[in-house]
Amino acid sequence: MTRYGSPLPEKPSLDGLEAKWSSFWSEAEVYRFDRPGSRDAVFSIDTPPPTVSGSLHVGHVFSYTHTDIVARFQRMRGKHVFYPMGWDDNGLPTERRVQNYYGVRCDPSLPYDADFTPPTPVSERTGKDKKAPAVSISRQNFVELCERLTTEDELVFEELWRKLGLSVDWSTTYTTIGKEAQRVSQAAFLRLLAHGEVYQAEAPTMWDVSFQTAVANAEVVDKEVAGAYHRIAFQHGAEDVCIETTRPELLPACVALVAHPDDERYQPLFGQEVVSPLFGVRVPVVAHEAADPEKGSGIAMICTFGDMTDVMWWREFRLPSRTVVGRNGRLLPVDFAALPTEDAARAQGVYDQLVGKTVHTARELLVEELRRDGSLIGELRPTTRAVKFFEKGDKPLEIVSSRQWFIKTVDHREALLARGDEIAWHPPHMQSRYSDWVKGVNIDWLVSRQRFFGVPFPVWYALDEAGEPDRGEPIVPEESTLPVDPSSDCPPGYTEDQRNKPNGFMGEPDVMDTWATSSLSPQLACGWLSDPELFAQVYPMDLRPQAHDIIRTWLFTTVVRSHLEAGTTPWRHAALSGWILDPDRKKMSKSQGNVVTPGHLLDEYGADAVRYWAASGRPGTDTAFDPQQMKIGRRLAMKLLNASRFVLSLPAPGPDAATTDPLDRALLAKLAQTVEGATAALEGFDYTSALDGIERFFWFFCDNYLELVKERAYGKGDVAGAESARVTLRRALDVVTRLLAPVLPYTAEETWSWTHDATVHRAAWPTVAELGPGAGEGRPEPADVAAAAIAAVRKAKSTAKVSMRAEVARLVVRAPDAVLADVRLVSEDLMAAGKVAEVEYRAEADGELAVEVELAERPDGEA
RNA sequence: GGGCGCAUAGCUCAGCGGUAGAGCGCUGCCCUUACAAGGCAGAUGUCGGCGGUUCGAACCCGUCUGCGCCCACCA
């Protein structure tokens, strides 16, 4: 169906509108982005690419609707709206989904199997197959499975988005793992490398032992974990020096003790050595301001590494490295003969039973030994403490020394802070979230991950005669050859048979973190490398909509990349949406199991009703999930259908019809105010206030105006009056339909199609000027007094428990002269609508409009 | 410990210097020729506490309390 327009139905219905109009929009390319040739005519949106690792939930529906309302408004204002959709199919979430979905795991040591058939998805298996162990597959097979599943998932997502009515141009989608994403990520990386903005370093970094990868500071979250203080005695001559620790298993990693320089208890020890229990290792006692006399016993172990404070002390005091926790979270072998120990044999004996054990087990074993040894003093003191976790992980992070790639951020802190001032934040207080984070940046952005499904770093290393890589001078490809995979592609000047051979080369095994790619979403979406003409017209972008919890990750890193690559902010506006809370006011999230899936909501209430609910959540404000609000939205949509049908079924006004009646003019004055208010609100991304004003007008239009002018519009009075009512009804309806179109795109399209030849979503946004001369300066008061008077009549009838059709013998209207004058202007409509026989006017010196209603006696004698 | 936000009718929230608002829910009435998955009407509040500024404060300032989020510390 590509022809627009449909007949006025007998009984309008909301059912089936989504199917009808979404296919029309698609076939007619209603939302296609056409290049205008100039940046000024464009409104471009950096849509958040949803993670394709499961299903969309109602929170997505919520925030994406907000953006769509803005997009539709801007389009109607005449902007060429660049509104692409990305799919974030890169990285760990996808890996995890593929593992669970197919029951596979990646083993990089396996060779590629070209004839590999994907296993039956776990969810479709029956009987004992359900519990079959995971199948090991090669890295390339694994990556192919990731690509296959994300492609399927993306189709499901797109279908839902279309049903919700997002006005995305579906020909402008991008992914974060596809060829173009790889090319853009690698090219941006190489340019940073050339400018010295990215570097690699061997350093202690936070490490997830389950995923066995380094993680970035921004991805770290605190969780409260139960633990206990262990009081452990070190020996100093004949005396004990007691420390308290929640991590006794790090005792063999202890390289020093530290106390505050002013702490008199420990001042005699500074510069001396103490001896650790069980292991007999001599460690120095040092003084540092950061040591807190109030915590524990006031003197602490410095271990390699318990936390980032340890790292700081280790660096400042140039302490040795005694690594005990390995990358898999298990204890590594340690050779005590190489350490300054009093009794290497005993130390080795104690320690060897811990090797290969998890941190948890090692702790229990070591505590037993300490107790037996008598160096565990007193009882354990239970405590809860915040422990750092990878936000997607479920085991505490360890700090592991490893070689990683970093993008410089610390050096640019001031500049990045200033970039924040160039962005308009909605709501404004969200800027402080950004500023606080930037001010606190104290380590560079760690972008490498020791994983499989990600964008590879496009570098190789030459190997010397001993087979050792020269990391100082990485071999890089020409930008034109990107993307490359150094694990299968050969660097320039080498042949494949030199791979991993002395005097040959090796590929960089790491991949980039997801954020290293998604931080380039503006570059990806706007065709940075592939389409310079497009890029010039849409970048920097107008709007970044996103949730406030990823300001420190996505928003921050995007600003970093734009700053370093283009010397600009990526967008002019950032609109931060809130979360969806369940009825208990908890954040709705998958892990909590309180997620409501949007599919059935759309079926039950209709897309417009769901959108209406979404529009009730202000920018940046967490909003409760509320089906009741969807019912109201549905009622509004029904009202639009019915009111439209009614107005359009009245006799059409003639070509010379004009708004002449005072009530009609007052209505247009009211509408002019509504248009002004809604336009200003939407320009400031305040779709909630806009909708509030529009809705208020629309209900006034239906409940009061429509009822008041009904009789006149039927043609029961003079011709001029009837024509004025008919033309005003149509004009107001036409305008209010366009005002509602961004929120209720399906319903508005349906009613619009009854009288127009082209989609409402490309129609011009209403202006005050089109309401005719004088509407902008017109007085809405006559409409307000008419509404107040008719309300008084209704109230009287309601109180008397009679039908609204009951006759009124007399109205007595008391008000100051100016108000009475307005009432006189609308008296004929008032009398017709209220079935009033006579109106009496009594002038008062001041005070409000007061209306007395005298009901007519009924023929049967009852009042 | 620092920062940000929030506290208004039973619920969800708007109002942000001039007589307390909306919707839902609740109660009552009405099958009124657009609409019964409707319509009309009604009741409901020391606007978190305490001070201050002001002719006047839900609104501005200070302070306290409670809730949420972010950051830091986490021996």
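Heavy-atom basis, side chains included; hydrogens, waters and symmetry copies ignored. Quantities reported herein were computed from a predicted structural model and do not represent experimental measurements. Numbered from 1 within each chain, the chains take letters A, B, ... in sequence-line order.
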Between Leu366(A) and Pro248(A) the two heavy atoms that sit nearest each other are CD2-O, 3.3 Å
Scan Lys388(A) against the nucleic acid and name what it touches under 4.0 Å (heavy atoms): base, sugar-phosphate only, or nothing.
base
Could you tell me how far apart Lys639(A) (NZ) and C40(B) (C1') are, to the nearest whole angstrom?
11 Å
Run the ring-ring contact (aromatic ring centres under 6.0 Å, His included) test against His426(A) and tell me which residues pass, sequence neighbours left out.
His573(A), Phe685(A)
Nearest heavy atom decides the nucleotide; on that basis, is Glu604(A) or Glu244(A) closer to the 5' end of RNA chain B?
Glu604(A)
Under 3.5 Å, which protein N or O atoms sit close to an N or O of nucleotides 58-63 of chain B? Give each pair with its distance.
none

Close N or O pairs between protein and nucleotides 41-44 of chain B (under 3.5 Å):
unit_1 : atom_1 : unit_2    : atom_2 : d
G42(B) : OP1    : Lys795(A) : NZ     : 3.1

Of Asp307(A) and Val647(A), whose closest RNA chain B nucleotide lies nearer the 5' terminus?
Val647(A)
Cation-pi check for Phe701(A) against Lys639(A): NZ or CZ below 6.0 Å from the six-membered ring centre and within 45 degrees of the axis, yes or no?
no
Going through the distances and angles, do Tyr434(A) and Trp425(A) end up as a ring pair (Phe, Tyr, Trp, His ring centres under 6.0 Å)?
CA-CA 10 Å; Tyr434(A) 171 83; Trp425(A) 300 79; 5.4 Å; yes
Could you tell me the separation between the CZ atom of Phe698(A) and the P atom of A34(B), rounded to a whole number of Å?
15 Å
Taking atom C1' in both A58(B) and C13(B), compute the distance separating them and give it to the nearest angstrom.
15 Å
With sequence neighbours excluded, what pairs up with Glu604(A) under the side-chain contact (heavy atoms from CB on, under 4.5 Å) test?
His600(A)
Expressed in angstrom and rounded to an integer, what is the separation of Lys716(A) atom NZ from U33(B) atom P?
12 Å
Between A43(B) and C29(B), how far apart are the two C1' atoms, rounded to whole Å?
15 Å
With sugar-phosphate taken as primed atoms, P, OP1 and OP2 and all else as base, the protein-contact string of nucleotides 16-27 of chain B at under 4.0 Å (heavy atoms; B, S, -) is ---B---SSS--
Would one find a side-chain N or O of Lys710(A) under 4.0 angstrom from OP1 or OP2 of A34(B)?
yes
On a whole-Å scale, what distance lies between the P atoms belonging to C60(B) and A7(B)?
11 Å
Distances under 3.5 Å between nitrogen or oxygen atoms of protein and nucleotides 3-5 of chain B:
unit_1 : atom_1 : unit_2    : atom_2 : d
G3(B)  : O2'    : Asp436(A) : OD2    : 3.0

Expressed as a whole number of Å, how far does the C1' atom of A34(B) sit from that of G39(B)?
11 Å
How long is the line joining CG of Leu650(A) and C1' of U33(B), in whole Å?
12 Å
Whole-Å distance, Trp613(A) CH2 to C13(B) P, equals 12 Å
Once side-chain contact (heavy atoms from CB on, under 4.5 Å) is applied, do any residues pair with Ser616(A), and if so which ones, sequence neighbours excluded?
Trp613(A), Gln629(A)
Can you check the Asn217(A) CG to C70(B) P distance for me, whole Å?
15 Å
Using atom C1' in both nucleotides, what's the gap between U12(B) and G45(B) to the nearest angstrom?
16 Å
Sorted by chain and residue number, the side-chain hydrogen bond (donor to acceptor under 3.5 Å, both in side chains) partners of Glu316(A) (sequence neighbours excluded) come out as His288(A)
Whole-Å gap separating P (C71(B)) and CD (Glu219(A)):
13 Å
Whole angstrom value for the distance that separates P of A34(B) from CZ of Arg730(A):
15 Å
Donor-acceptor under 3.5 Å (His548(A) side chain, Gly578(A) main chain):
no
Under-4.0 Å side-chain N/O to phosphate OP1/OP2 contact, Tyr229(A) with C74(B)
no
Base-pairing string, 5' to 3', of RNA chain B - Watson-Crick or wobble, under 3.5 Å, | interstrand
((((((((.[[[[.)..(..]]]].(((((.......))))).....[[[[[..)....]]]]])))))))....
Residues forming a side-chain contact (heavy atoms from CB on, under 4.5 Å) with Ala832(A), sequence neighbours excluded
Glu711(A)
Indicate yes or no: does Arg247(A) engage Glu398(A) in a salt bridge with an N to O separation below 4.0 Å.
yes
Would you please name every residue forming a salt bridge (charged side-chain N to carboxylate O under 4.0 Å, His left out) with Asp222(A), sequence neighbours left out?
Lys388(A)
Partners passing side-chain contact (heavy atoms from CB on, under 4.5 Å) against Asn704(A) (at least two apart in sequence or in another chain):
Phe700(A), Ala787(A), Ile790(A), Arg794(A)
Measuring only the C1' atom in each nucleotide, how far is G48(B) from C6(B)? A whole number of Å is fine.
11 Å
Which whole number of Å gives the distance between the C1' atom of U33(B) and that of A22(B)?
31 Å
How far, in whole Å, is A72(B) from A57(B) if one measures between their C1' atoms?
37 Å
Checking all strands, does Ala713(A) fall into the base, sugar-phosphate, or nothing category for heavy-atom contacts under 4.0 angstrom?
nothing
